[in-house]
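Following: one structure in structure tokens, then a few remarks.
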Amino acid sequence: MNDSAASANGSWARTPALNDTPMTWWDAPAAGPASAVNPWDVMLCVSGTAIACENAIVVAIIIYTPALRTPMFALVGSLATADLLAGVGLVVNFVLRYAVPSQALSLATVGFLVASFAASIISLLAITVDRYLSLYDALAYFSEKTLRRTHAMLLATWGASLLLGLLPVLGWNCLGRPAACSVVRPLTRGNLTLLAAAFFVIFALMLTLYFQICKIVWRHAHQIALQRHFFAAAHYVATKKGVSTLAIVLGTFGASWLPFAVYCLVGEREDPPVYTYATLLPATYNSMINPIIYAYRNAEIQRSIYLLLCGCFRPNAAYRSGSPSEV
């Protein structure tokens, strides 16, 4: 079936010929009982469900616990919200693909997923920046300046993410132009290259900041070795815990997203869809791992979850003051 026939039918999906681009998860399947469910789509839907459930708990805990309404937890909440929306987007994409196949809805869902995952990645950068500044200028961290800076980072995070998500919806897509499609249809090659380049810039910034954080911690360790002061040692333990948390976050972030980002640059639209699935699915695991890291490594969130599960959640319960080192 040629492209003009597909346009006449008003359907995005086509029966692939030998020299045609295979149909993938972002294409709306042909309606009817003959449409088979792709196992990869099922795995993405299951992944999205787990992501949504995990992050919904984190968001609820932060919203309903007054003691967690601090700049550092606002950034954690931004990350959890972005991951929650990404999980919901994966589930909605699966439902729309097989229940209500529509080119317009599929395009909107892809834009929603781009915005959500972009917000998740940029939120990780914002948390890294906050961690660095809390160590670089510790005396001024708990000030009005930090609150204003956090608001600015949140505004920039969601503003940039919304813009990236709107680009394909506002016209930067390959609908009607199959030759311009990338390995993630309906995104064009140029759009996907922009997203991949933005990822590598963010990853490089995070690596640089992490290196600077390690230098500060090593300097603290040297001072502690000289002073042998109990309170300094306690502060170092908390700082070391925060750095180890960032190492885990950065490691899982790179392992999850790097294969997909590299494939976005080197892949061709004629490549089998299984390559896109095989790199995209691990990328979604980063949104699944993030809440586990914060739930198990932060004392305040651990306690809130414990109280919630025990049915004795008290929003006004007293908490010790959290340290940004622990996030």
Heavy atoms, side chains only, cut-off 4.5 Å: are [X] and [Y] in contact?
X	Y	answer
Asn191	Asn173	no
Leu125	Leu209	yes
Asp130	Met72	yes
Trp172	Leu187	no
Tyr277	Asp41	yes
Arg97	Ser106	no
Val183	Arg189	no
Thr188	Arg177	yes

What is the ring orientation for Phe199 with Phe203, classed by angle as parallel under 30°, tilted 30 to 60°, or perpendicular over 60°?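 Rings of Phe199 and Phe203: parallel, under 30°.
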If every non-hydrogen atom of Phe112 is compared with every non-hydrogen atom of Leu85, which pair is closest and at what distance?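 Looking at all heavy atoms of both residues, the shortest contact is CE2-O, 3.1 Å.
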Going by the side-chain hydrogen bond (donor to acceptor under 3.5 Å, both in side chains) test, which pairs reach into residues 108-121, not counting sequence neighbours?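 For residues 108-121: Asp83-Ser120.
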Residues 151-170 vs side-chain hydrogen bond (donor to acceptor under 3.5 Å, both in side chains), sequence neighbours excluded, gives Ser78-Trp158
Please report the interatomic distance [atom1]([X]) to [atom2]([Y]), rounded to the nearest 0.5 Å.
X	Y	atom1	atom2	value
Gln212	Leu133	CD	CG	11.5 Å
Leu79	Ile122	CG	CD1	12.0 Å
Arg303	Ile61	CZ	CD1	12.0 Å
Thr49	Glu54	OG1	CD	11.0 Å
Ile213	Lys215	CD1	NZ	12.5 Å

Do Leu154 and Leu162 sit in the same hydrophobic cluster, where Ile, Leu, Val, Met, Phe, Trp and Tyr count as joined when their side-chain heavy atoms come under 4.5 Å apart?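 No, Leu154 does not connect to Leu162 through the hydrophobic network.
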Same apolar cluster (I L V M F W Y, side chains within < 4.5 Å links), Val110/Val91: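 Shared cluster, no.
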Treating [X] as the side-chain partner and [Y] as the backbone partner, does any N or O pair qualify as donor plus acceptor under 3.5 Å?
X	Y	value
Asn55	Ile51	yes
Asp271	Glu268	yes
Tyr98	Asn38	yes
Ser256	Phe253	no
Thr65	Ala67	no
Arg269	Ala180	no

Do Thr128 and Arg131 get their side chains close enough for a donor-acceptor pair, meaning under 3.5 Å?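 No, no side-chain donor-acceptor contact under 3.5 Å.
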Given the side-chain rings of Phe117 and Trp257, with only the six-membered ring counted for Trp, is the space between their centroids under 6.0 Å? yes
Heavy atoms from other residues, nucleotides or ligands near CZ of Phe200 exceed 12 (cutoff 6.0 Å): yes
